[in-house]
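First the proteins, then the strands, lettered A, B, ... as listed; each starts at 1.
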Protein chains: 2
Amino acid sequence: MKLDPNSAADLSAQIAQAIRDAIVAGDLIVDERLPSEAELSEQFQVSRPTVREALKRLAAQSLIRTQRGATGGAFVNRLNYEDAYSQQITTSTLLLSMNAVSFDTACEARYALERACAPLSATRRSADQLATMRAEIFRQGQPGLTDEAFCASDVAFHRALVDGAGNPVLSYQLAGAVEAMQPLMNMITFTARDRQIILALHTRIADAIEAGDGPDAVQGLSALEDETRKLAADVFAARAKR
Amino acid sequence: MKLDPNSAADLSAQIAQAIRDAIVAGDLIVDERLPSEAELSEQFQVSRPTVREALKRLAAQSLIRTQRGATGGAFVNRLNYEDAYSQQITTSTLLLSMNAVSFDTACEARYALERACAPLSATRRSADQLATMRAEIFRQGQPGLTDEAFCASDVAFHRALVDGAGNPVLSYQLAGAVEAMQPLMNMITFTARDRQIILALHTRIADAIEAGDGPDAVQGLSALEDETRKLAADVFAARAKR
DNA sequence: AAGAAATCATTTGTCAGACATTTAAAAGTC
DNA sequence: GACTTTTAAATGTCTGACAAATGATTTCTT
(Lines give C-alpha, C1' and ligand atoms only; values in the text may rest on other atoms or scores of the structure.)
Protein backbone atom coordinates (compact mmCIF):
# COMPACT_ATOMS: atom_id res chain seq x y z
CA MET A 1 0.00 0.00 0.00
CA LYS A 2 1.78 3.07 -1.27
CA LEU A 3 0.74 6.67 -1.66
CA ASP A 4 1.29 8.92 -4.62
CA PRO A 5 2.81 12.20 -3.43
CA ASN A 6 1.96 13.83 -6.76
CA SER A 7 -1.69 13.03 -6.54
CA ALA A 8 -4.06 15.91 -6.15
CA ALA A 9 -6.15 13.91 -3.71
CA ASP A 10 -5.95 14.32 0.02
CA LEU A 11 -3.69 11.95 1.87
CA SER A 12 -6.65 10.66 3.85
CA ALA A 13 -8.53 9.94 0.61
CA GLN A 14 -5.55 8.08 -0.80
CA ILE A 15 -5.13 6.02 2.34
CA ALA A 16 -8.83 5.23 2.42
CA GLN A 17 -8.67 4.14 -1.22
CA ALA A 18 -5.66 1.92 -0.56
CA ILE A 19 -7.41 0.15 2.29
CA ARG A 20 -10.68 -0.02 0.36
CA ASP A 21 -8.88 -1.66 -2.54
CA ALA A 22 -7.34 -4.16 -0.19
CA ILE A 23 -10.76 -5.05 1.16
CA VAL A 24 -12.41 -5.35 -2.24
CA ALA A 25 -9.51 -7.42 -3.53
CA GLY A 26 -9.84 -9.73 -0.55
CA ASP A 27 -6.41 -8.95 0.86
CA LEU A 28 -8.17 -7.96 4.04
CA ILE A 29 -10.83 -10.41 5.02
CA VAL A 30 -13.96 -10.00 7.12
CA ASP A 31 -13.35 -9.42 10.82
CA GLU A 32 -9.64 -9.04 10.24
CA ARG A 33 -8.15 -6.35 12.41
CA LEU A 34 -6.36 -3.48 10.74
CA PRO A 35 -3.12 -2.21 12.26
CA SER A 36 -3.65 0.34 15.02
CA GLU A 37 -3.86 3.98 14.09
CA ALA A 38 -0.36 4.52 15.39
CA GLU A 39 0.99 1.69 13.25
CA LEU A 40 -0.88 2.87 10.18
CA SER A 41 0.44 6.38 10.62
CA GLU A 42 3.93 4.95 10.65
CA GLN A 43 3.30 2.69 7.66
CA PHE A 44 1.91 5.49 5.55
CA GLN A 45 4.23 8.10 7.02
CA VAL A 46 1.44 10.44 8.00
CA SER A 47 0.09 11.72 11.26
CA ARG A 48 -2.56 9.97 13.30
CA PRO A 49 -5.32 12.53 12.57
CA THR A 50 -4.81 11.90 8.86
CA VAL A 51 -5.11 8.16 9.38
CA ARG A 52 -8.22 8.73 11.42
CA GLU A 53 -9.82 10.78 8.67
CA ALA A 54 -9.16 7.92 6.30
CA LEU A 55 -10.71 5.41 8.69
CA LYS A 56 -13.79 7.59 9.14
CA ARG A 57 -14.25 7.63 5.39
CA LEU A 58 -14.29 3.85 5.38
CA ALA A 59 -16.57 3.73 8.41
CA ALA A 60 -19.05 5.96 6.56
CA GLN A 61 -19.32 3.24 3.93
CA SER A 62 -19.70 0.53 6.56
CA LEU A 63 -16.49 -1.05 5.33
CA ILE A 64 -14.93 -1.05 8.79
CA ARG A 65 -16.09 -0.80 12.36
CA THR A 66 -14.02 0.41 15.29
CA GLN A 67 -13.86 -0.73 18.86
CA ARG A 68 -12.20 0.94 21.76
CA GLY A 69 -10.21 -0.71 24.45
CA ALA A 70 -7.25 -3.00 24.84
CA THR A 71 -8.19 -5.47 22.12
CA GLY A 72 -9.98 -2.82 20.08
CA GLY A 73 -9.11 -1.34 16.76
CA ALA A 74 -10.56 -1.15 13.28
CA PHE A 75 -12.02 -4.33 11.86
CA VAL A 76 -13.15 -5.17 8.37
CA ASN A 77 -16.90 -5.16 8.58
CA ARG A 78 -19.14 -7.80 7.05
CA LEU A 79 -21.36 -5.65 4.88
CA ASN A 80 -24.89 -6.74 5.68
CA TYR A 81 -28.06 -6.18 3.73
CA GLU A 82 -29.42 -3.76 6.29
CA ASP A 83 -26.48 -1.38 6.04
CA ALA A 84 -26.45 -1.68 2.28
CA TYR A 85 -30.19 -0.93 2.21
CA SER A 86 -29.95 2.27 4.16
CA GLN A 87 -27.01 3.53 2.14
CA GLN A 88 -28.80 2.75 -1.07
CA ILE A 89 -31.93 4.53 0.10
CA THR A 90 -30.02 7.66 1.07
CA THR A 91 -28.19 7.68 -2.23
CA SER A 92 -31.27 7.02 -4.32
CA THR A 93 -33.33 9.63 -2.50
CA LEU A 94 -30.72 12.31 -3.05
CA LEU A 95 -30.14 11.24 -6.62
CA LEU A 96 -33.81 11.75 -7.39
CA SER A 97 -34.25 14.99 -5.47
CA MET A 98 -31.03 16.64 -6.62
CA ASN A 99 -31.23 15.80 -10.28
CA ALA A 100 -34.80 16.78 -10.90
CA VAL A 101 -35.66 13.27 -12.00
CA SER A 102 -39.17 13.44 -13.32
CA PHE A 103 -41.93 11.60 -11.58
CA ASP A 104 -42.54 9.61 -14.74
CA THR A 105 -38.94 8.44 -15.01
CA ALA A 106 -38.79 7.31 -11.41
CA CYS A 107 -42.19 5.71 -11.63
CA GLU A 108 -41.33 3.82 -14.78
CA ALA A 109 -38.15 2.48 -13.24
CA ARG A 110 -39.90 1.44 -10.10
CA TYR A 111 -42.67 -0.48 -11.77
CA ALA A 112 -40.37 -2.05 -14.32
CA LEU A 113 -38.31 -3.45 -11.47
CA GLU A 114 -41.34 -4.57 -9.54
CA ARG A 115 -42.69 -6.40 -12.55
CA ALA A 116 -39.39 -8.24 -12.61
CA CYS A 117 -40.13 -9.53 -9.12
CA ALA A 118 -43.78 -10.39 -9.52
CA PRO A 119 -43.45 -13.76 -11.27
CA LEU A 120 -40.94 -14.95 -8.70
CA SER A 121 -43.08 -13.65 -5.88
CA ALA A 122 -46.11 -15.45 -7.25
CA THR A 123 -44.40 -18.81 -6.90
CA ARG A 124 -42.37 -18.25 -3.76
CA ARG A 125 -44.00 -15.74 -1.42
CA SER A 126 -44.43 -17.02 2.12
CA ALA A 127 -47.80 -17.03 3.84
CA ASP A 128 -46.47 -14.33 6.07
CA GLN A 129 -45.57 -12.04 3.20
CA LEU A 130 -48.98 -12.54 1.65
CA ALA A 131 -50.57 -11.75 5.01
CA THR A 132 -48.56 -8.53 5.17
CA MET A 133 -49.87 -7.52 1.77
CA ARG A 134 -53.43 -8.22 2.85
CA ALA A 135 -52.95 -6.34 6.09
CA GLU A 136 -51.64 -3.27 4.28
CA ILE A 137 -54.55 -3.41 1.87
CA PHE A 138 -56.87 -3.46 4.86
CA ARG A 139 -55.08 -0.52 6.40
CA GLN A 140 -55.35 1.43 3.16
CA GLY A 141 -59.12 1.01 3.28
CA GLN A 142 -59.46 2.59 6.69
CA PRO A 143 -61.16 5.97 6.65
CA GLY A 144 -59.35 8.93 8.12
CA LEU A 145 -55.93 7.74 7.00
CA THR A 146 -53.61 10.64 6.18
CA ASP A 147 -51.97 10.78 2.78
CA GLU A 148 -48.59 10.18 4.36
CA ALA A 149 -49.79 7.10 6.20
CA PHE A 150 -51.41 5.87 3.00
CA CYS A 151 -48.10 6.25 1.18
CA ALA A 152 -46.19 4.50 3.94
CA SER A 153 -48.60 1.61 3.78
CA ASP A 154 -48.21 1.57 0.02
CA VAL A 155 -44.46 1.23 0.42
CA ALA A 156 -44.93 -1.59 2.94
CA PHE A 157 -47.24 -3.39 0.53
CA HIS A 158 -44.76 -3.18 -2.31
CA ARG A 159 -41.86 -4.21 -0.12
CA ALA A 160 -43.72 -7.33 0.89
CA LEU A 161 -44.34 -8.02 -2.77
CA VAL A 162 -40.68 -7.60 -3.58
CA ASP A 163 -39.46 -9.58 -0.60
CA GLY A 164 -41.83 -12.34 -1.68
CA ALA A 165 -39.46 -13.09 -4.53
CA GLY A 166 -37.19 -14.58 -1.89
CA ASN A 167 -34.10 -13.12 -3.48
CA PRO A 168 -32.20 -10.82 -1.11
CA VAL A 169 -30.23 -9.29 -3.97
CA LEU A 170 -33.44 -8.28 -5.68
CA SER A 171 -34.86 -6.95 -2.44
CA TYR A 172 -31.76 -4.91 -1.87
CA GLN A 173 -31.74 -3.46 -5.37
CA LEU A 174 -35.38 -2.57 -5.19
CA ALA A 175 -35.48 -1.13 -1.70
CA GLY A 176 -33.86 2.00 -3.04
CA ALA A 177 -36.20 2.36 -5.97
CA VAL A 178 -39.34 1.92 -3.91
CA GLU A 179 -38.39 3.92 -0.84
CA ALA A 180 -36.65 6.70 -2.68
CA MET A 181 -39.89 7.41 -4.48
CA GLN A 182 -41.76 8.01 -1.26
CA PRO A 183 -40.96 11.74 -1.10
CA LEU A 184 -42.25 12.08 -4.64
CA MET A 185 -45.36 10.07 -3.83
CA ASN A 186 -45.98 12.18 -0.77
CA MET A 187 -46.53 15.17 -3.03
CA ILE A 188 -49.72 13.55 -4.26
CA THR A 189 -53.04 13.98 -2.54
CA PHE A 190 -55.27 10.96 -2.83
CA THR A 191 -58.98 11.47 -3.05
CA ALA A 192 -61.29 8.81 -1.66
CA ARG A 193 -61.97 7.64 -5.19
CA ASP A 194 -58.24 7.43 -6.02
CA ARG A 195 -57.73 5.26 -2.98
CA GLN A 196 -60.56 3.01 -3.99
CA ILE A 197 -59.00 2.43 -7.40
CA ILE A 198 -55.57 1.76 -5.95
CA LEU A 199 -57.07 -0.53 -3.37
CA ALA A 200 -58.80 -2.54 -6.05
CA LEU A 201 -55.55 -2.90 -7.98
CA HIS A 202 -53.65 -3.90 -4.88
CA THR A 203 -56.28 -6.52 -4.20
CA ARG A 204 -56.00 -7.79 -7.74
CA ILE A 205 -52.23 -8.04 -7.43
CA ALA A 206 -52.43 -9.80 -4.09
CA ASP A 207 -54.99 -12.22 -5.51
CA ALA A 208 -52.72 -12.98 -8.44
CA ILE A 209 -49.76 -13.52 -6.11
CA GLU A 210 -51.85 -15.80 -3.93
CA ALA A 211 -53.03 -17.77 -6.95
CA GLY A 212 -49.47 -18.09 -8.21
CA ASP A 213 -50.42 -16.26 -11.38
CA GLY A 214 -47.33 -14.26 -12.25
CA PRO A 215 -48.51 -12.80 -15.56
CA ASP A 216 -51.68 -11.51 -13.96
CA ALA A 217 -49.69 -9.87 -11.19
CA VAL A 218 -47.55 -8.21 -13.84
CA GLN A 219 -50.65 -6.92 -15.58
CA GLY A 220 -51.98 -5.61 -12.29
CA LEU A 221 -48.72 -3.76 -11.70
CA SER A 222 -48.87 -2.25 -15.18
CA ALA A 223 -52.40 -1.06 -14.50
CA LEU A 224 -51.25 0.39 -11.19
CA GLU A 225 -48.39 2.17 -12.92
CA ASP A 226 -50.79 3.73 -15.44
CA GLU A 227 -53.10 4.79 -12.65
CA THR A 228 -50.25 6.28 -10.59
CA ARG A 229 -48.88 8.24 -13.51
CA LYS A 230 -52.30 9.55 -14.46
CA LEU A 231 -52.88 10.60 -10.89
CA ALA A 232 -49.56 12.36 -10.66
CA ALA A 233 -50.12 14.10 -13.99
CA ASP A 234 -53.43 15.46 -12.72
CA VAL A 235 -51.88 16.68 -9.50
CA PHE A 236 -49.02 18.40 -11.27
CA ALA A 237 -51.35 19.93 -13.85
CA ALA A 238 -53.59 21.31 -11.12
CA ARG A 239 -50.60 22.65 -9.29
CA ALA A 240 -49.25 24.33 -12.40
CA LYS A 241 -52.56 26.07 -13.04
CA ARG A 242 -52.59 27.65 -9.60
CA MET B 1 -28.56 20.78 14.83
CA LYS B 2 -27.92 19.44 18.29
CA LEU B 3 -25.87 16.57 19.61
CA ASP B 4 -26.91 13.98 22.14
CA PRO B 5 -24.24 13.72 24.83
CA ASN B 6 -25.71 10.41 26.02
CA SER B 7 -25.47 8.77 22.64
CA ALA B 8 -23.04 5.92 22.30
CA ALA B 9 -22.02 7.14 18.86
CA ASP B 10 -18.89 9.11 18.18
CA LEU B 11 -19.23 12.85 18.08
CA SER B 12 -18.04 12.88 14.49
CA ALA B 13 -20.72 10.34 13.55
CA GLN B 14 -23.42 12.41 15.22
CA ILE B 15 -22.27 15.59 13.53
CA ALA B 16 -22.14 13.84 10.17
CA GLN B 17 -25.65 12.53 10.72
CA ALA B 18 -26.95 15.96 11.64
CA ILE B 19 -25.53 17.50 8.48
CA ARG B 20 -26.64 14.53 6.39
CA ASP B 21 -30.18 14.93 7.70
CA ALA B 22 -30.10 18.61 6.84
CA ILE B 23 -29.06 17.80 3.28
CA VAL B 24 -31.64 15.05 2.80
CA ALA B 25 -34.36 17.27 4.27
CA GLY B 26 -33.40 20.03 1.89
CA ASP B 27 -32.33 22.47 4.58
CA LEU B 28 -28.98 22.62 2.85
CA ILE B 29 -29.30 22.93 -0.89
CA VAL B 30 -26.93 21.98 -3.67
CA ASP B 31 -23.79 24.09 -3.92
CA GLU B 32 -24.55 25.80 -0.65
CA ARG B 33 -21.46 26.41 1.40
CA LEU B 34 -21.28 24.95 4.87
CA PRO B 35 -19.82 27.02 7.68
CA SER B 36 -16.04 26.80 7.91
CA GLU B 37 -14.53 24.09 10.05
CA ALA B 38 -13.73 26.64 12.72
CA GLU B 39 -17.32 27.86 12.79
CA LEU B 40 -18.71 24.35 12.85
CA SER B 41 -16.45 23.39 15.71
CA GLU B 42 -17.83 26.33 17.64
CA GLN B 43 -21.44 25.57 16.73
CA PHE B 44 -21.16 21.96 17.79
CA GLN B 45 -18.79 22.71 20.66
CA VAL B 46 -16.18 20.24 19.51
CA SER B 47 -12.63 20.55 18.24
CA ARG B 48 -11.71 21.02 14.63
CA PRO B 49 -10.33 17.51 14.10
CA THR B 50 -13.67 16.11 15.21
CA VAL B 51 -15.50 18.33 12.74
CA ARG B 52 -13.08 17.26 10.06
CA GLU B 53 -13.73 13.59 10.74
CA ALA B 54 -17.44 14.29 10.32
CA LEU B 55 -16.85 16.10 7.03
CA LYS B 56 -14.71 13.26 5.73
CA ARG B 57 -17.53 10.85 6.43
CA LEU B 58 -19.83 12.97 4.29
CA ALA B 59 -17.20 13.33 1.59
CA ALA B 60 -16.90 9.55 1.44
CA GLN B 61 -20.57 9.42 0.46
CA SER B 62 -20.09 12.20 -2.10
CA LEU B 63 -22.51 14.37 -0.14
CA ILE B 64 -20.04 17.24 0.08
CA ARG B 65 -16.90 18.40 -1.67
CA THR B 66 -14.22 20.62 -0.20
CA GLN B 67 -12.11 23.33 -1.68
CA ARG B 68 -9.11 25.06 -0.22
CA GLY B 69 -8.39 28.72 -0.32
CA ALA B 70 -9.94 32.01 0.62
CA THR B 71 -13.41 31.34 -0.78
CA GLY B 72 -13.10 27.63 -0.21
CA GLY B 73 -14.90 25.42 2.23
CA ALA B 74 -17.26 22.49 2.17
CA PHE B 75 -20.08 22.60 -0.34
CA VAL B 76 -23.14 20.44 -0.71
CA ASN B 77 -22.42 18.26 -3.67
CA ARG B 78 -24.88 17.54 -6.43
CA LEU B 79 -24.96 13.76 -6.36
CA ASN B 80 -24.48 12.66 -9.94
CA TYR B 81 -25.19 9.34 -11.54
CA GLU B 82 -21.51 8.56 -11.97
CA ASP B 83 -20.68 8.87 -8.28
CA ALA B 84 -23.82 6.97 -7.35
CA TYR B 85 -22.85 4.22 -9.83
CA SER B 86 -19.42 3.65 -8.42
CA GLN B 87 -20.65 3.61 -4.84
CA GLN B 88 -23.35 1.17 -5.76
CA ILE B 89 -20.91 -1.09 -7.54
CA THR B 90 -18.53 -1.16 -4.60
CA THR B 91 -21.35 -1.89 -2.19
CA SER B 92 -22.94 -4.56 -4.37
CA THR B 93 -19.63 -6.25 -5.04
CA LEU B 94 -18.80 -6.50 -1.37
CA LEU B 95 -22.32 -7.53 -0.48
CA LEU B 96 -22.07 -10.46 -2.84
CA SER B 97 -18.56 -11.52 -1.92
CA MET B 98 -18.92 -11.13 1.83
CA ASN B 99 -22.25 -12.81 2.26
CA ALA B 100 -21.62 -15.89 0.22
CA VAL B 101 -24.48 -15.01 -2.11
CA SER B 102 -24.88 -17.98 -4.38
CA PHE B 103 -24.23 -17.64 -8.06
CA ASP B 104 -27.82 -18.65 -8.73
CA THR B 105 -29.27 -15.95 -6.51
CA ALA B 106 -27.16 -13.22 -8.04
CA CYS B 107 -27.79 -14.51 -11.53
CA GLU B 108 -31.53 -14.68 -11.02
CA ALA B 109 -31.63 -11.11 -9.73
CA ARG B 110 -29.55 -9.84 -12.56
CA TYR B 111 -31.60 -11.38 -15.32
CA ALA B 112 -34.90 -10.52 -13.68
CA LEU B 113 -33.83 -6.88 -13.66
CA GLU B 114 -32.56 -7.02 -17.21
CA ARG B 115 -35.81 -8.48 -18.42
CA ALA B 116 -37.48 -5.47 -16.86
CA CYS B 117 -35.42 -3.25 -19.15
CA ALA B 118 -35.70 -5.21 -22.36
CA PRO B 119 -39.16 -4.07 -23.50
CA LEU B 120 -38.25 -0.45 -22.94
CA SER B 121 -34.94 -0.92 -24.67
CA ALA B 122 -36.66 -2.49 -27.65
CA THR B 123 -38.67 0.64 -28.31
CA ARG B 124 -36.19 3.31 -27.29
CA ARG B 125 -32.60 2.20 -27.85
CA SER B 126 -30.56 4.63 -29.89
CA ALA B 127 -28.72 3.53 -32.99
CA ASP B 128 -25.51 4.07 -31.10
CA GLN B 129 -26.50 1.72 -28.29
CA LEU B 130 -27.49 -0.95 -30.79
CA ALA B 131 -24.17 -0.47 -32.53
CA THR B 132 -22.39 -0.98 -29.22
CA MET B 133 -24.22 -4.23 -28.71
CA ARG B 134 -23.27 -5.42 -32.19
CA ALA B 135 -19.67 -4.37 -31.69
CA GLU B 136 -19.42 -6.31 -28.44
CA ILE B 137 -20.95 -9.35 -30.09
CA PHE B 138 -18.30 -9.08 -32.78
CA ARG B 139 -15.57 -8.79 -30.18
CA GLN B 140 -16.88 -11.85 -28.38
CA GLY B 141 -16.47 -13.84 -31.56
CA GLN B 142 -12.79 -13.02 -31.92
CA PRO B 143 -10.53 -16.00 -31.34
CA GLY B 144 -7.86 -15.74 -28.68
CA LEU B 145 -9.98 -13.62 -26.38
CA THR B 146 -9.21 -14.28 -22.73
CA ASP B 147 -12.02 -15.27 -20.41
CA GLU B 148 -11.68 -11.99 -18.57
CA ALA B 149 -11.93 -9.97 -21.75
CA PHE B 150 -14.92 -12.04 -22.79
CA CYS B 151 -16.61 -11.27 -19.47
CA ALA B 152 -15.81 -7.58 -19.76
CA SER B 153 -17.32 -7.51 -23.20
CA ASP B 154 -20.34 -9.34 -21.86
CA VAL B 155 -20.82 -6.63 -19.24
CA ALA B 156 -20.49 -3.93 -21.90
CA PHE B 157 -23.11 -5.67 -24.01
CA HIS B 158 -25.55 -5.86 -21.16
CA ARG B 159 -24.93 -2.30 -20.09
CA ALA B 160 -25.74 -1.10 -23.57
CA LEU B 161 -28.93 -3.13 -23.40
CA VAL B 162 -29.86 -1.59 -20.07
CA ASP B 163 -28.92 1.93 -21.09
CA GLY B 164 -31.07 1.46 -24.15
CA ALA B 165 -34.11 1.74 -21.92
CA GLY B 166 -33.30 5.43 -21.73
CA ASN B 167 -34.13 5.59 -18.06
CA PRO B 168 -31.17 6.76 -15.98
CA VAL B 169 -32.76 5.50 -12.78
CA LEU B 170 -33.00 2.02 -14.22
CA SER B 171 -29.44 2.22 -15.52
CA TYR B 172 -28.23 3.26 -12.11
CA GLN B 173 -30.09 0.51 -10.30
CA LEU B 174 -28.85 -2.11 -12.68
CA ALA B 175 -25.25 -1.05 -12.96
CA GLY B 176 -24.65 -2.56 -9.56
CA ALA B 177 -26.35 -5.83 -10.34
CA VAL B 178 -24.54 -6.34 -13.63
CA GLU B 179 -21.07 -5.18 -12.65
CA ALA B 180 -21.10 -6.71 -9.21
CA MET B 181 -21.56 -10.08 -10.84
CA GLN B 182 -18.40 -9.76 -12.86
CA PRO B 183 -16.14 -11.30 -10.21
CA LEU B 184 -18.48 -14.25 -10.03
CA MET B 185 -18.61 -14.54 -13.80
CA ASN B 186 -14.85 -14.39 -13.96
CA MET B 187 -14.71 -17.67 -12.10
CA ILE B 188 -16.17 -19.38 -15.11
CA THR B 189 -14.06 -20.69 -17.94
CA PHE B 190 -15.77 -20.48 -21.29
CA THR B 191 -15.07 -23.17 -23.84
CA ALA B 192 -15.27 -22.30 -27.51
CA ARG B 193 -18.62 -24.06 -27.68
CA ASP B 194 -19.96 -22.12 -24.67
CA ARG B 195 -19.00 -18.90 -26.34
CA GLN B 196 -20.73 -19.90 -29.54
CA ILE B 197 -23.97 -20.53 -27.66
CA ILE B 198 -23.75 -17.24 -25.77
CA LEU B 199 -22.91 -15.44 -28.96
CA ALA B 200 -25.97 -16.85 -30.65
CA LEU B 201 -28.17 -15.75 -27.78
CA HIS B 202 -26.64 -12.29 -27.75
CA THR B 203 -27.31 -12.05 -31.45
CA ARG B 204 -30.88 -13.12 -30.95
CA ILE B 205 -31.36 -10.51 -28.23
CA ALA B 206 -29.79 -7.78 -30.32
CA ASP B 207 -31.99 -8.78 -33.26
CA ALA B 208 -35.08 -8.58 -31.08
CA ILE B 209 -34.03 -5.18 -29.76
CA GLU B 210 -33.39 -3.97 -33.27
CA ALA B 211 -36.79 -5.24 -34.42
CA GLY B 212 -38.47 -3.60 -31.47
CA ASP B 213 -39.70 -6.97 -30.29
CA GLY B 214 -39.62 -6.71 -26.50
CA PRO B 215 -41.13 -10.10 -25.68
CA ASP B 216 -38.63 -11.86 -27.88
CA ALA B 217 -35.77 -10.02 -26.18
CA VAL B 218 -37.17 -11.15 -22.86
CA GLN B 219 -37.27 -14.73 -24.05
CA GLY B 220 -33.72 -14.44 -25.27
CA LEU B 221 -32.62 -13.17 -21.89
CA SER B 222 -34.38 -16.05 -20.18
CA ALA B 223 -32.60 -18.50 -22.45
CA LEU B 224 -29.33 -16.77 -21.69
CA GLU B 225 -30.03 -17.01 -17.97
CA ASP B 226 -30.68 -20.74 -18.24
CA GLU B 227 -27.50 -21.19 -20.22
CA THR B 228 -25.43 -19.16 -17.78
CA ARG B 229 -26.72 -21.05 -14.79
CA LYS B 230 -26.17 -24.40 -16.43
CA LEU B 231 -22.64 -23.36 -17.31
CA ALA B 232 -21.92 -22.20 -13.80
CA ALA B 233 -23.37 -25.37 -12.32
CA ASP B 234 -21.03 -27.44 -14.48
CA VAL B 235 -18.03 -25.39 -13.51
CA PHE B 236 -18.80 -25.60 -9.82
CA ALA B 237 -19.55 -29.32 -10.03
CA ALA B 238 -16.23 -29.94 -11.77
CA ARG B 239 -14.44 -27.85 -9.21
CA ALA B 240 -16.09 -29.71 -6.34
CA LYS B 241 -15.01 -33.06 -7.76
CA ARG B 242 -11.38 -32.05 -7.87
C1' DA C 1 -5.72 55.22 -15.50
C1' DA C 2 -4.68 50.45 -16.50
C1' DG C 3 -2.41 46.53 -15.77
C1' DA C 4 0.85 43.74 -13.37
C1' DA C 5 2.87 42.35 -9.21
C1' DA C 6 2.99 41.81 -4.45
C1' DT C 7 0.63 41.25 -0.24
C1' DC C 8 -3.00 39.70 2.67
C1' DA C 9 -6.71 37.13 4.68
C1' DT C 10 -9.28 33.05 4.81
C1' DT C 11 -9.78 28.32 4.57
C1' DT C 12 -8.56 23.58 4.24
C1' DG C 13 -4.63 20.07 4.79
C1' DT C 14 -1.34 18.21 7.90
C1' DC C 15 1.36 17.55 11.95
C1' DA C 16 2.89 16.90 16.96
C1' DG C 17 1.76 16.01 21.41
C1' DA C 18 -1.27 15.45 25.10
C1' DC C 19 -5.08 13.69 27.97
C1' DA C 20 -9.56 11.06 28.58
C1' DT C 21 -12.05 6.89 28.14
C1' DT C 22 -12.82 2.20 27.31
C1' DT C 23 -11.67 -2.48 27.54
C1' DA C 24 -9.47 -6.82 28.30
C1' DA C 25 -5.83 -9.08 30.35
C1' DA C 26 -2.57 -9.49 34.14
C1' DA C 27 -1.46 -9.11 38.85
C1' DG C 28 -2.67 -9.05 43.42
C1' DT C 29 -5.65 -10.18 47.55
C1' DC C 30 -8.60 -12.71 50.48
C1' DG D 1 -10.49 -20.40 43.52
C1' DA D 2 -13.09 -16.12 43.29
C1' DC D 3 -12.93 -11.41 43.52
C1' DT D 4 -10.63 -6.89 43.15
C1' DT D 5 -7.11 -3.88 41.56
C1' DT D 6 -3.77 -2.58 38.43
C1' DT D 7 -1.92 -2.10 34.04
C1' DA D 8 -1.45 -1.69 29.17
C1' DA D 9 -3.25 -0.79 24.73
C1' DA D 10 -6.34 1.16 21.86
C1' DT D 11 -9.61 4.66 20.21
C1' DG D 12 -11.86 9.33 21.15
C1' DT D 13 -10.99 14.11 21.76
C1' DC D 14 -8.55 18.48 22.42
C1' DT D 15 -5.04 22.26 21.76
C1' DG D 16 -2.08 24.67 19.07
C1' DA D 17 0.64 25.20 15.30
C1' DC D 18 2.25 25.55 10.50
C1' DA D 19 1.82 24.62 5.36
C1' DA D 20 -0.51 25.33 1.14
C1' DA D 21 -3.95 27.01 -1.80
C1' DT D 22 -6.67 30.70 -3.52
C1' DG D 23 -9.41 34.67 -4.11
C1' DA D 24 -9.40 39.57 -2.81
C1' DT D 25 -6.94 43.63 -1.94
C1' DT D 26 -3.38 46.71 -2.20
C1' DT D 27 0.63 48.52 -4.14
C1' DC D 28 3.62 49.46 -7.69
C1' DT D 29 4.85 50.37 -12.39
C1' DT D 30 4.20 52.17 -16.81
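When rounded to the nearest whole Å, the span between CZ of F75(A) and C1' of dT23(C) equals 11 Å. The interatomic distance linking R52(A) (CZ) with dC15(C) (C1') rounds to 15 Å, in whole Å. Spacing between atom CG of D10(A) and atom P of dT12(C) amounts to 12 Å, rounded to whole angstrom units. When the P atom of dT11(D) is taken as reference, atom CZ of R65(A) falls 13 Å away, rounded to whole Å. Between the P atom of dT11(C) and the CD atom of E39(B) lies a distance of 6 Å, rounded to the nearest Å. Between the CD atom of E37(A) and the P atom of dA18(C) there is a distance of 18 Å, rounded to whole Å. Residue L58(A) contributes atom CG, which lies 14 Å from atom P of dT11(D) at whole-angstrom precision. Atom pair I15(B):CD1 and dG12(D):C1' shows a separation of 12 Å (rounding to whole Å applied).
The base of dT13(D) sits with one of its N or O atoms less than 3.5 Å from a complementary donor or acceptor on the side chain of R48(A). The base of dT11(C) is not paired with the side chain of R68(B) by any donor and acceptor separated by under 3.5 Å.
Judged purely by distance below 3.5 Å, without hydrogens or angles, the side chains of S126(A) and Q129(A) pair a donor atom with an acceptor atom.
Contact annotation: T66(B) reaches the phosphate of dG13(C) (side-chain N/O to OP1 or OP2, under 4.0 Å).
Comparing atom distances between the P49(A) side chain and each of dA16(C), dG13(C), dG12(D) picks out dA16(C) as nearest. Closest to the side chain of A70(B), from the set dT22(D), dT23(C), dA10(D), is dT22(D). Ranking dG23(D), dC14(D), dT11(C) by closeness to the L11(B) side chain, first place goes to dC14(D). Distance from the side chain of T50(B) is smallest for dT13(D) among the nucleotides dA16(C), dT13(D), dT12(C).
Annotation: of the two residues near DNA chain C, Q67(B) and T71(A), the 5′-most nearest-nucleotide partner is Q67(B). Sequence order on DNA chain C of the closest nucleotides to G73(B) and S47(A) puts G73(B) first from the 5' end.
Taking the charged nitrogens against the carboxylate oxygens, D10(B) and K56(A) do have a contact shorter than 4.0 Å, which makes a salt bridge. Contact check on E225(A) versus R110(A) returns no salt bridge, with no Lys/Arg side-chain nitrogen under 4.0 Å from an Asp/Glu carboxylate oxygen.
In this pair, Y111(A) and H158(A) present their aromatic rings perpendicular. The plane angle is above 60°, beyond the 30 to 60° band.
Among the heavy atoms of the strands lying under 4.0 Å from R33(A) are primed sugar atoms or P, OP1, OP2 only; no base atom is included.
The closest donor-acceptor contact from the side chain of T93(A) to the backbone of I89(A) lies under 3.5 Å.
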